[in-house]
Structures are given as structure tokens and as C-alpha cells.
Trainee: 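Dropping the structure in here first, questions after.
For this chain, numbers begin at 1 and follow the sequence in order.
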Amino acid sequence: MTTDIVAVLKEPRMIKICAPMVRYSKLQFRTLVRQYGCDICFTPMILADSFVQSSKARDNEFTTHKNDQPLIVQFAANTVNDFVDASVMVAPYCNGVDLNCGCPQRWAMQEGYGADLLKKPELVKDLVYQVRNRIPRPFTVSAKIRLLKDIRQTILLCQTLEKAGASFLTVHARTPKMRNEPIDLDSLKFLRDHVQLPLVANGDAKSLETAKSLFKESRCEGVMSARGILTNPALFSGYSVTPLTCIQDWLNITSTIPTEFQCFHHHLIFMLEKILPKKDRTLFNSLQSKSSVLEFLKDYYDVRPNTSNSTELTRCNFSTSHVQCKEKYINCWEDDSTTDFLRCMFNTNL
């Protein structure tokens with residue numbers, strides 16, 4: 001994949017981005033939001049150590065197809081080896097990797113992931129620096145952070161990552177202790193004044209109008225949506241609530257890409273949250289099988305899956321032995337020979 005994400009971020013317009021959401025920003029959902037104006041998508045946060053060590057984790061956590069780009073894979077990591085090895089593994093199938101430095105969940109903090117890394121700027125610097133040195137541009141290495149209580153420390157962290165070779169930064173404009181409070185727009189604007197890297201603003205982008213306002217006020221290059229786009233995947237196309245065409249597209253996508261029932265159903269629960277009356281929503285949310293969901297949607301909206309088109313998933317070869325091919329991999333990338341790159345990484349005849 002050759003898309004230069006930094007070049008995309010420098011385009012003179014608001015770059016619209018789907019956030020990394022645990023359990024939710026998987027291939028099926030990314031495929032959907034790309035049909036409604038989303039420019040860049042992130043995978044859910046993936047634990048780098050599990051990804052490196054377990055083939056089952058790799059198969060469960062990462063799937064893609066040829067139209068799933070620009071794509072950034074987000075990892076939770078707290079050791080250089082795990083982050084580097086995981087990044088090298090996914091590099092043939094994405095446009096960049098991102099280090100999660102913002103997850104405020106207790107389990108992540110206790111394990112030294114997410115927002116806990118904000119207290120360890122030298123470690124974060126090393127994580128970014130080592131991946132940047134292993135994988136050349138235009139592949140991006142970025143970090144998603146939250147604001148520190150002292151904005152000066154946030155600025156210092158961002159400047160440190162800039163010197164380490166970070167391609168861009170995503171800033172969730174809340175501190176780790178903030179939850180549903182309004183974002184700290186003033187701190188985000190102040191940060192923008194002191195950081196040269198492209199910045200992506202995250203927080204409170206619940207409609208196209210609020211996204212545009214955040215883009216204008218923050219002067220960041222992109223705007224990322226999480227809850228807003230989960231509830232309305234057509235948000236970036238200007239719809240105020242999920243349109244019926246989006247429900248239809250979701251049925252089509254999940255009929256051609258294998259999808260677990262929980263994922264299939266939960267996304268529909270979010271999409272229908274603002275358009276189904278409460279009584280009907282309660283019934284829909286309690287459904288226990290795909291057939292009952294499809295029957296409900298057929299009776300209520302007269303929509304049903306269209307399976308005329310098939311989706312071919314990319315066959316990802318994630319053997320851990322490929323990590324030992326780093327030097328060959330880098331040489332091939334630097335020579336800009338995709339065919340040679342794939343041959344030396346995967347020993348395949350192309």
C-alpha cells in the first residue's frame with residue numbers, strides 16, 4: 001500500500017477519520033464508513049505482545065481487503081521489541097501504525113498501556129523512534145494521546161515525539177481523568193500553536209457540523225470521530241441520523257464478509273439508537289440471532305441483504321519468522337520494489 005497519509009493530512013480540507021474503537025472499528029465497519037466520506041480509518045487497538053506471539057490473536061484481530069485503505073493499525077505496546085515486531089508484521093497490509101497513549105481504562109493503565117505511557121515520555125519517544133528507524137516513509141508512525149493536566153508537559157511530549165520521527169499526532173482533547181465533559185478546546189488550540197507536526201483533533205465530533213467547527217477552531221489537519229460515527233456511520237456525509245441506505249449497506253457488507261453475530265447486531269443497535277422508537281428499540285436490542293434481526297429489518301424497513309457481490313479478503317501471512325527478515329524488508333521498501341519486497345518477506349513467487 002503506497003498512500004502517503006501525511007500528504008493526505010496536508011490537503012487543504014478537513015480530513016475525516018474513523019477512530020480506533022475496541023470491538024467496533026473492524027474491517028466490516030471500516031468498509032461501511034468509507035462509503036460515507038471517511039478518508040482514513042484506524043483498526044481497533046491491538047495488543048502488540050499478543051499479536052507477535054499468537055497466530056490466533058493475529059487472525060482474530062486483523063483482517064483487511066484491497067479497498068481497506070488508507071489504513072492505520074493501532075497497537076498498545078510498552079516494549080520496543082513488541083511494537084517494532086508487530087509493526088513490521090502489519091506493514092505490508094497498511095499505511096501506518098499508531099501507538100495508543102490515550103486509553104484511560106483501568107486495565108490498560110495497570111498493564112502500562114494507553115494513558116499510562118503519558119507518564120513515560122522517554123519510553124514513548126523510544127517506541128516511536130525505533131519503529132521510524134525500521135520502516136521508511138511514506139509509512140507513518142504516529143501516536144494518539146490525551147492532554148496532560150499541565151499543557152506545557154503536553155507540548156513537551158509532542159515536541160519530543162516530533163524529534164523522534166513521528167509522522168503526525170492525534171490529540172483527544174481531554175485528560176485521562178475526564179470522561180463526558182466537553183473537550184478542552186483552548187488547550188488543543190494552544191497545543192496547535194506550539195507543535196509543527198500535523199495534528200488530528202479527537203473529541204465531541206458528533207455530527208458533520210460539530211466536526212467542521214472543531215476543524216475550524218482547532219486548526220488541526222484532521223478530525224476523528226468515535227461515538228458519533230458509531231451511532232451514525234454516515235456522519236461525515238452530512239446525515240443527522242443513520243440513513244436507511246446505511247442499514248442496507250451494512251447488511252450487504254456483513255453478508256459478504258464473515259461477521260460474528262455480536263458485532264453484526266451491536267453495530268445495528270448503535271445505528272438504530274436515534275431512529276427506532278423506544279418500544280421497538282427494546283425489542284430489537286433483545287434479539288438473539290441473525291435470522292431474527294434480518295426478519296425484523298425486513299418487516300420494519302423492507303430491507304434485506306444483497307449478496308450479489310463478494311468480497312475477497314487479503315491473505316495475510318503473519319509468520320513470526322518474517323520478523324527476522326527486517327533488513328531484507330527494509331531494503332526492498334527503500335528500493336521501491338513492491339514485488340521484491342513481497343518475495344523477500346514471504347518467499348512467494350509473484
Side-chain angles (χ1 to χ4, degrees), residues 5-6 9 19-20 22 42-54 57-58 61-62 71-105 107-148 153-172 176 191 195-200 202 224 318 320 322-324 326-327 329-330 333:
I5 288 179
V6 172
L9 288 170
V22 175
F42 280 61
T43 69
M45 180 183 73
I46 300 171
L47 294 176
D49 58 351
S50 298
F51 193 84
V52 171
Q53 297 166 16
S54 168
R58 293 191 286 274
E61 296 297 330
F62 183 79
L71 176 65
I72 296 174
V73 178
Q74 188 187 74
F75 286 112
N78 55 20
T79 69
V80 168
N81 285 345
D82 286 336
F83 191 38
V84 170
D85 289 351
S87 298
V88 169
M89 283 179 160
V90 299
Y93 310 110
C94 64
N95 307 101
V97 292
D98 186 79
L99 178 65
N100 186 310
C101 300
C103 179
Q105 295 184 53
W107 72 266
M109 301 279 284
Q110 290 175 341
E111 295 294 326
Y113 298 126
D116 186 69
L117 290 174
L118 296 175
K119 299 179 290 186
K120 305 169 184 176
E122 288 303 312
L123 173 58
V124 177
K125 173 186 175 182
D126 200 27
L127 289 165
V128 170
Y129 176 78
Q130 295 295 341
V131 173
R132 176 73 288 161
N133 277 358
R134 294 312 208 299
I135 309 177
R137 295 174 175 83
F139 191 88
T140 60
V141 183
S142 59
K144 186 173 186 290
I145 68 170
R146 283 187 173 232
L147 296 172
L148 291 161
Q153 292 300 314
T154 312
I155 292 171
L156 184 60
L157 173 63
C158 292
Q159 292 175 341
T160 298
L161 293 178
E162 186 170 13
K163 292 176 182 177
S167 308
F168 69 93
L169 299 173
T170 300
V171 183
H172 185 154
L191 188 65
V195 178
Q196 298 301 313
L197 282 174
L199 295 181
V200 173
N202 177 215
M224 175 182 285
F318 286 137
T320 53
H322 298 155
V323 177
Q324 300 170 5
K326 288 176 189 173
E327 296 307 318
Y329 158 50
I330 298 307
W333 196 316

Trainee: Report the distance from atom CE of M45 to atom CD of E61, rounding to the nearest 0.5 Å.
Mentor: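 CD of E61 is found 9.5 Å from CE of M45.
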
Trainee: Which pair of non-hydrogen atoms, one from G112 and one from L117, has the smallest distance, and what is that distance?
Mentor: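 Closest approach of G112 to L117, heavy atoms only: O-CD2, 3.6 Å.
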
Trainee: Kindly write out the residues that satisfy salt bridge (charged side-chain N to carboxylate O under 4.0 Å, His left out) with D49, not counting sequence neighbours, or none if the list is empty.
Mentor: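 Salt bridge (charged side-chain N to carboxylate O under 4.0 Å, His left out) check on D49 returns nothing, list empty.
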
Trainee: Parallel, tilted or perpendicular for F62 and Y93, by the 30°/60° rule?
Mentor: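 Rings of F62 and Y93: tilted, 30 to 60°.
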
Trainee: The criterion is ring-ring contact (aromatic ring centres under 6.0 Å, His included); which residues satisfy it with Y113, sequence neighbours excluded?
Mentor: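 Per chain and number, Y113 pairs via ring-ring contact (aromatic ring centres under 6.0 Å, His included) with no residue.
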
Trainee: Taking side chain as C-beta onward, heavy atoms only, is K144 less than 4.5 Å from P20?
Mentor: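 Yes, at least one pair of side-chain atoms sits under 4.5 Å.
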
Trainee: Start with the C-alpha distance between V97 and F83, add both sets of side-chain angles, then the distance that settles side-chain contact (heavy atoms from CB on, under 4.5 Å), and finish with yes or no.
Mentor: CA-CA 9 Å; V97 292; F83 191 38; 4.2 Å; yes

Trainee: State which residues pass side chain to side chain donor-acceptor pair (under 3.5 Å) with T170; sequence neighbours excluded, sorted by chain then number.
Mentor: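 Once residues adjacent in sequence are excluded, T170 has no partner under the side chain to side chain donor-acceptor pair (under 3.5 Å) criterion.
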
Trainee: With side-chain contact (heavy atoms from CB on, under 4.5 Å) as the test, pick out the partner of T154 among V195, L148, V171, L118.
Mentor: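 For T154, the side-chain contact (heavy atoms from CB on, under 4.5 Å) test succeeds with only one of V195, L148, V171, L118, which is L148.
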
Trainee: Holding to side chain to side chain donor-acceptor pair (under 3.5 Å), I want the full list of residues that pass it with S142, two or more places apart in sequence or in another chain.
Mentor: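 Counting only residues at least two positions away or on another chain, S142 forms a side chain to side chain donor-acceptor pair (under 3.5 Å) with D98.
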
Trainee: Apply side chain to side chain donor-acceptor pair (under 3.5 Å) to T160 and list each qualifying residue two or more places apart in sequence or on a separate chain.
Mentor: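 Partners of T160 under the side chain to side chain donor-acceptor pair (under 3.5 Å) test: none.
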
Trainee: Just verifying a value: how many Å separate H172 NE2 and C103 SG, rounded to the nearest 0.5 Å?
Mentor: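 If we round to the nearest 0.5 Å, H172:NE2 and C103:SG are 11.0 Å apart.
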
Trainee: Search all heavy atoms of A143 against all heavy atoms of L161 and return the closest pair with its distance.
Mentor: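 Smallest interatomic distance, heavy atoms only, reads CB-CD1, 4.2 Å.
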
Trainee: What distance separates D116 CG from N78 CG, expressed to the nearest 0.5 Å?
Mentor: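 Interatomic distance, D116 CG to N78 CG, rounded to 0.5 Å: 8.5 Å.
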
Trainee: Counting only N and O atoms by type, is there a donor-acceptor contact under 3.5 Å from the side chain of R132 to the main-chain atoms of I135?
Mentor: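 It does hold such a pair.
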
Trainee: What's the spacing between L99 CG and L127 CG if we round to 0.5 Å?
Mentor: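 If we round to the nearest 0.5 Å, L99:CG and L127:CG are 5.5 Å apart.
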
Trainee: What closest approach, in Å, do V128 and G165 show between heavy atoms, and which atom pair accounts for it?
Mentor: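 Minimum heavy-atom separation between V128 and G165: CG1-C, 4.3 Å.
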
Trainee: Could you tell me whether a side-chain N or O of N202 sits under 3.5 Å from a main-chain N or O of M224, the two making a donor and an acceptor?
Mentor: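 It does hold such a pair.
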
Trainee: I need the Q130 CD to D126 CG distance, nearest 0.5 Å.
Mentor: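 Between Q130 CD and D126 CG, I get 4.5 Å after rounding to 0.5 Å.
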
Trainee: Identify the heavy atoms of F139 and S167 that sit nearest to each other, and give their distance.
Mentor: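 Shortest heavy-atom contact: O-OG, 4.3 Å.
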
Trainee: With the side chain counted from C-beta on, respond yes when I5 and P198 share a heavy-atom pair under 4.5 Å apart, and no when they do not.
Mentor: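 They are not in side-chain contact.
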
Trainee: Could you walk me through whether F168 and I72 pass the side-chain contact (heavy atoms from CB on, under 4.5 Å) check?
Mentor: CA-CA 12 Å; F168 69 93; I72 296 174; 3.4 Å; yes

Trainee: Got a second to check how far L47's CG is from S54's OG, nearest 0.5 Å?
Mentor: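 The CG atom of L47 sits 11.0 Å away from the OG atom of S54.
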
Trainee: Checking R146 side chain against G102 main chain: does a donor-acceptor pair fall under 3.5 Å?
Mentor: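 Such a contact is found between R146 side chain and G102 backbone.
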
Trainee: Once salt bridge (charged side-chain N to carboxylate O under 4.0 Å, His left out) is applied, do any residues pair with K163, and if so which ones, sequence neighbours excluded?
Mentor: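 Listed in chain order: nothing, the list is empty.
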
Trainee: Does the pair R134 and V131 meet the rule for a side-chain contact (heavy atoms from CB on, under 4.5 Å), with working shown?
Mentor: CA-CA 5 Å; R134 294 312 208 299; V131 173; 5.7 Å; no

